[in-house]
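In this text, all values refer to a predicted model and were calculated from it rather than measured experimentally.
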Amino acid sequence: MTRVQYTGTNYGELKALLGDRLMAPYFCMGFSMLSLMTPDGPVTIYEGDYVTLCDNGQVTVST
């Protein structure tokens with residue numbers, strides 16, 4: 001299991017971890033967000049959120 005906190009400046013680290021499931025960051029009112037494609041549709045990752053990649057390939061996002 002690997003857990004990474006999105007800081008707003010570590011897009012490359014998360015892209016290396018999640019590959020094509022991660023979309024480019026977008027910026028709104030001074031902070032950045034990412035979109036993560038899941039089997040249930042896109043999920044937004046905000047600065048400060050933690051992204052966990054489990055050994056079985058499942059990804060979770062938590063604050």
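Rounded to the nearest 0.5 angstrom, Arg21 CZ and Ser35 OG are separated by 14.5 Å. One finds the CE atom of Met33 at 6.0 Å from the OH atom of Tyr46 (value rounded to the nearest 0.5 Å). The CZ atom of Phe27 sits 5.0 Å away from atom OG of Ser32, with the distance rounded to the nearest 0.5 Å. Atom CD of Gln58 is separated from atom CE of Met1 by 11.5 Å, given to the nearest 0.5 angstrom.
The two atoms that bring Thr7 and Glu47 nearest to each other are O-OE1, 3.8 Å, heavy atoms only.
The backbone N or O of Asp49 lies less than 3.5 Å from no partner atom in the side chain of Gln5, so there is not a single donor-acceptor pair.
Through chains of ILVMFWY side-chain contacts below 4.5 Å, Val43 is grouped with Val4, Tyr6, Tyr11, Leu14, Leu17, Leu18, Leu22, Leu34, Leu36, Ile45, Val51, Leu53, Val59, Val61.
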